[in-house]
Amino acid sequence: MVGAGLIDLVLAPAQEAAGVQAHAFVPFLPSWMILLPFLGFVINGALGYLAPDRRRLVSVVGPGVLGLAFLIAAVNFVLIARVHDAEPVIRSYWTWIEVGQLRVDAALQIDQLAMAMALVVTCVSFIIHVYSIGYMGEDRGYARYFAYLNLFVFFMLVLVLGASFPLMFVGWEGVGLCSYLLIGFWFKQSAKADAGQKAFIVNRIGDFGFLIAMFLMFAYLGTLDFQGVFETAPGALEYGGAAVTLITLFLFLGCTGKSAQIPLYVWLPDAMHGPTPVSALIHAATMVTAGVYLVARAGVLFALAPLSMNVVATVGGVTALFAATIAVQQFDIKRVIAYSTISQLGYMFLAVGVGAYTAGIFHLGTHAFFKALLFLASGAVIHSMHHALEHAGEPAGEDVTQDLRNMGGLKAYMPGTFRTAWVGALALAGVFPLAGFFSKDEIIWSAGARGQTVLWVVAIITALLTAGYITRWLVMAFHGVNRTGDKARKYVHEAGAVMVGALVVLAVGSAVTGWVNIPEALPLLPEFSWLHQFLHPSFEAAEHIIVEHLGEPAHASPIGGGEGLWSVLATAAAVAVIVVVFQALKGKKYLPARESKEPAGVWGLLYHKYYVDELYDLVVVRPFKNLCVFSWRVIDQGLIDGVMVNGVAYTTRFGGWVVSRFQTGYLGTYVLIIVLGVLIILGAVAL
């Protein structure tokens with residue numbers, strides 16, 4: 001049956017192109033969006049094993065399959081955008097699971113939300129693949145790297161396009177596997193291998209929550225298909241009831257692991273040990289966005305659980321502020337951006353937690369561009385630093401090449417990277433007219449408009465911190481006096497054309513993607529809520545439930561003023577912070593890392609990330625290791641091996657030895673024993 005289903009999946013494009021138009025929207029070759037990255041994985045995996053030197057072919061196949069997948073996603077996006085309120089299209093290829101009343105098909109769901117996510121995933125992933133040609137060109141595992149990268153995108157598209165929770169879970173687990181493979185890509189170095197294991201193990205905690213949620217959904221609703229669950233839930237589950245609250249809280253536990261929210265965020269900063277394009281892919285377009293997508297996709301369930309929505313919004317807001325404070329005092333060029341990702345994901349959860357689903361997805365899309373840009377700009381700097389130090393004959397480890405204190409003044413040597421990095425930084429800070437201004441301010445506004453005054457204040461403070469730490473990042477890397485050293489300085493150079501070209505494309509995306517949703521009443525600009533209208537069919541049912549029970553959102557902030565006014569004030573505040581921080585730091589004399597003292601006091605607390613990793617090590621890791629040692633030595637070796645296995649053997653051996661003492665070979669001895677035995681039996685009977 002599965003074999004026939006695979007044939008159907010491969011032949012599906014022709015059937016889809018010539019099929020009967022049963023819907024107003026007929027998707028264009030949706031199965032090939034998934035099949036192409038998988039095909040790239042197979043080809044590059046085979047090349048890596050059979051012909052590792054065929055780099056040119058790998059360079060064509062790896063990005064090429066993603067380019068074709070992006071074109072298919074773009075065509076479908078345009079087609080569905082032309083059809084107002086199009087119904088979801090389900091394409092079922094074969095029956096995957098059928099046990100009792102449970103039936104799950106290998107099916108794709110093509111709707112507005114899925115296509116928006118697929119477009120972002122394929123577009124940004126394609127750019128990262130192209131950039132990787134230059135960044136990883138000298139690596140011995142070149143083909144293996146692209147095979148893993150293709151597989152990563154394949155599983156992310158399964159997660160996004162799957163029509164049921166179990167199929168989404170396949171993609172969910174798949175991106176977890178690929179994160180382990182890619183974070184620990186240079187697995188011969190123990191720190192990198194440990195980072196991959198940490199990501200894999202921490203995510204298993206969240207995945208347990210996802211599984212429990214599916215069990216509960218099937219128990220209460222009798223189905224795990226998206227359409228079946230969302231149509232049945234409003235009638236079968238009580239608003240605010242225990243069942244829907246448990247389901248959504250367990251779902252959100254999965255999200256905290258996959259999307260690095262408190263308390264399961266600790267794996268994401270360590271993911272920086274992987275190649276920089278991998279960091280960009282994980283942080284911008286694939287794995288960490290999965291949790292936000294899950295809450296948005298299951299919006300109907302969360303709308304029925306107000307307690308869960310408050311938990312989502314609160315955890316998101318607290319995580320956003322918490323991670324932003326840590327980013328203020330980090331010196332690793334990638335780690336600053338990593339904590340920024342955790343913070344921005346908190347913004348997205350804050351949005352979907354207050355019911356502003358479109359705002360959350362909007363920020364997910366714009367964030368994908370400027371966060372990928374910032375990571376790849378960091379990668380260009382690291383790449384240049386590594387080569388410069390190698391040519392100078394100096395140590396070129398991560399602790400040297402990624403430390404901002406060893407940089408400075410790079411704008412003179414890397415002008416293209418410098419300019420694009422500034423675009424990404426300003427977009428992240430929410431400066432008009434770049435993308436982050438539109439999406440981040442909409443989230444801040446949504447929190448206030450829905451009565452979450454505390455979270456509204458938290459979001460504003462986080463935005464100001466964001467403008468501060470990203471300006472510090474820029475100043476330390478590109479401005480001021482160069483600190484690379486006299487020998488290495490003359491070898492510092494701009495990244496290759498392929499890498500800079502990718503940065504330019506991402507910079508353009510960071511500048512223009514926000515214009516699909518212009519805030520209401522923004523001075524001198526007309527309201528343009530195209531994205532809201534496009535995604536409305538995907539969120540209509542959830543928004544109806546929220547309005548029915550909580551009412552319409554307010555049209556003013558908690559302290560007065562409309563969205564347009566607060567958008568202007570927010571960007572003015574961000575610009576003010578940028579100017580102040582820039583002026584304060586541009587003339588500061590930083591010492592190279594080897595000469596610098598470790599920060600103390602409050603700065604030391606932030607530098608050590610509130611000692612959360614040490615706390616986890618003390619409370620979780622060490623007790624668990626001690627339990628493992630106890631289980632090994634006492635239970636395994638002592639009880640099982642010592643008593644149950646060896647003990648039985650020793651007892652049997654001893655019994656055999658005792659019995660052997662009676663085997664003397666003398667007939668008289670045997671008669672004596674028999675007589676004694678008879679007397680003992682008679683005595684026992686007589687008693």
Side-chain angles (χ1 to χ4, degrees), residues 113 117 121 155-156 158-160 162 165-176 179 199-217 224 226 229-230 244-268 271 282-320 322-323 341-357 359-361 363-364 367-368 443 455 539 542:
L113 177 58
M117 286 292 298
V121 169
F155 278 121
M156 187 64 191
V158 170
L159 187 156
V160 166
F165 283 100
L167 198 56
M168 175 188 276
F169 190 70
V170 171
W172 190 273
E173 290 295 283
V175 294
S179 70
F200 192 79
I201 292 169
V202 172
N203 272 274
R204 299 289 71 74
I205 301 171
D207 297 346
F208 169 78
F210 197 147
L211 281 170
I212 297 299
M214 284 196 291
F215 295 151
L216 290 171
M217 268 188 277
L224 292 175
F226 289 149
V229 168
F230 303 147
V244 72
T245 301
L246 280 175
I247 290 171
T248 48
L249 286 177
F250 276 117
L251 282 176
F252 184 58
L253 175 59
C255 298
T256 60
K258 200 64 68 183
S259 293
Q261 297 295 283
I262 291 174
L264 301 180
Y265 72 92
V266 290
W267 67 270
L268 193 57
I282 292 175
H283 287 243
T286 55
M287 183 169 171
V288 297
T289 63
V292 179
Y293 172 73
L294 173 57
V295 176
R297 173 60 76 190
V300 170
L301 295 176
F302 281 89
L304 290 168
L307 174 61
S308 298
M309 290 192 68
N310 285 329
V311 170
V312 172
T314 302
V315 170
V318 172
T319 302
F322 178 80
T341 298
I342 298 172
S343 180
Q344 296 304 303
L345 287 166
Y347 266 115
M348 298 174 208
F349 279 109
L350 172 58
V352 295
V354 299
Y357 299 109
I361 297 300
H363 195 53
L364 184 155
H367 174 265
I443 292 174
L455 293 178
F539 301 136

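Scope of the values below: all heavy atoms of this structure, side chains included, with no hydrogens, waters or symmetry mates.
- Applying the side chain to side chain donor-acceptor pair (under 3.5 Å) rule to pairs touching residues 347-356 yields nothing, sequence neighbours excluded.
- Applying the ring pair (Phe, Tyr, Trp, His ring centres under 6.0 Å) test to Phe302 and every residue at least two apart in sequence or in another chain returns nothing.
- A distance of 6.0 Å separates CD1 of Ile361 from CE of Met117, quoted to the nearest 0.5 Å.
- Ala303 meets the side-chain contact (heavy atoms from CB on, under 4.5 Å) test with Tyr357, Ala542, Ile545, Ile546; sequence neighbours excluded.
- Under the 4.5 Å side-chain criterion, counting only non-hydrogen atoms from C-beta, Met287 is not in contact with Phe155.
- Inter-residue side-chain proximity for Thr319 and Phe349 is flagged as unmet; no heavy-atom pair is nearer than 4.5 Å.
- Once rounded to the nearest 0.5 Å, the distance linking CG of Leu216 with CG of Leu246 reads 6.5 Å.
- Between Thr341 and His367, some side-chain heavy-atom pair lies under the 4.5 Å cut-off.
- Looking only at side-chain heavy atoms (C-beta outward), Tyr293 and Leu113 come within less than 4.5 Å of each other.
- The minimum heavy-atom distance linking Ala260 with Ile342 is given by the pair O-CG2, 3.4 Å.
- Here the side chains of Thr289 and Val121 are not in contact, with every heavy-atom distance at 4.5 Å or above.
- Smallest separation of non-hydrogen atoms from Gln261 and Leu345: NE2-CB, 3.5 Å.
- Atoms CZ and CG, on Phe165 and Leu211 in that order, are 13.0 Å from each other to the nearest 0.5 Å.
- Note: Lys258 NZ to Thr256 OG1 = 10.5 Å, rounded to the nearest 0.5 Å.
- One finds the OG atom of Ser308 at 11.0 Å from the CZ atom of Phe250 (value rounded to the nearest 0.5 Å).
- Listed for the Thr314 side chain is no donor-acceptor partner under 3.5 Å among the backbone atoms of Val311.
- With values rounded to the nearest 0.5 angstrom, Trp172 atom CH2 is found 9.0 Å from Met156 atom CE.
- Taking the six-membered ring for Trp and thresholds of 30 and 60 degrees, Phe226 and Phe230 have nearly parallel ring planes, at less than 30 degrees apart.
- Annotation: cation-pi geometry satisfied between Arg204 and Phe200 (NZ/CZ under 6.0 angstrom from ring centroid, within 45° of ring axis).
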